[in-house]
Undergrad: 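Have a look at this one.
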Amino acid sequence: MSNLSKIKSEIESYANESNLTELQIVEKLEHHFFNKKVNENLKLYKKGKKRVSDITKDLKISPRKFYAILEKKKISHKKYNKKE
């Protein structure tokens, strides 16, 4: 039995036990692992070891979305003023 088929069977059994569909379970897992990856990258960002462009490439999100995450988590960052 391959690893993927094990995961599929686990998701199906969990879906039968809970009142969620398989797709809802996968979305929750995706959200969990995305947040985990974001937190890892934020630690490196705070230490100055990783730049915003590298983080956005890794997470496959836009810089605007990354700055929104920083605002949400109340992490200080440099704000650029386009008017000047």
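For the numbers below, each heavy atom of this structure counts, side chains included, while hydrogens, waters and symmetry mates do not. The model shown is predicted, which means the values in this text are computed figures rather than measured ones.
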Undergrad: For Lys46, check salt bridge (Lys or Arg N to Asp or Glu O under 4.0 Å) against everything at least two apart and list the hits.
TA: none

Undergrad: Have a look at Phe33 and tell me which of Lys37, Lys36, His31 forms a side-chain contact (heavy atoms from CB on, under 4.5 Å) with it.
TA: Lys36

Undergrad: Can you get from Ile55 to Phe34 by hopping between Ile, Leu, Val, Met, Phe, Trp and Tyr side chains that sit under 4.5 Å apart?
TA: yes

Undergrad: Once salt bridge (Lys or Arg N to Asp or Glu O under 4.0 Å) is applied, do any residues pair with Glu22, and if so which ones, sequence neighbours excluded?
TA: none

Undergrad: Any heavy-atom pair between the side chains of Ile69 and Ile61 that's under 4.5 Å?
TA: yes

Undergrad: Between Arg51 and Ser53, is any side-chain donor less than 3.5 angstrom from a side-chain acceptor?
TA: yes

Undergrad: Within this structure, what is the OG-NZ distance for the pair Ser13 and Lys8, rounded to the nearest 0.5 Å?
TA: 14.0 Å

Undergrad: Side chains of Leu59 and Lys65: closer than 4.5 Å at any heavy-atom pair?
TA: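 They are not in side-chain contact.
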
Undergrad: Could you walk me through whether Asn39 and Lys73 pass the side chain to side chain contact (heavy atoms under 4.5 Å, CB included) test, one step at a time?
TA: CA-CA 10 Å; Asn39 289 333; Lys73 296 194 181 246; 3.1 Å; yes

Undergrad: At what distance, to the nearest 0.5 angstrom, does NZ of Lys57 lie from NZ of Lys60?
TA: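 It is 13.0 Å, given to the nearest 0.5 Å.
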
Undergrad: Quick one, Phe66 and Leu42 - any side-chain contact, counting heavy atoms below 4.5 Å?
TA: yes

Undergrad: Can you get from Leu44 to Ile75 by hopping between Ile, Leu, Val, Met, Phe, Trp and Tyr side chains that sit under 4.5 Å apart?
TA: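 Different clusters.
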
Undergrad: Could you pull out the closest heavy-atom pair between Gln24 and Asn19, with the gap in Å?
TA: OE1-O, 4.4 Å

Undergrad: I'd like to check the side chain to side chain donor-acceptor pair (under 3.5 Å) partners of His32; sequence neighbours left out, ordered by chain and number.
TA: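 Residues passing side chain to side chain donor-acceptor pair (under 3.5 Å) with His32: none at all.
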
Undergrad: So which atom in Ile11 and which in Ile25 form the shortest heavy-atom distance, rounded to 0.1 Å?
TA: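 That closest heavy-atom pairing would be O-CD1, 3.9 Å.
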
Undergrad: Drop me the distance from Leu23's CG to Glu30's CD, to the nearest 0.5 angstrom.
TA: 9.5 Å

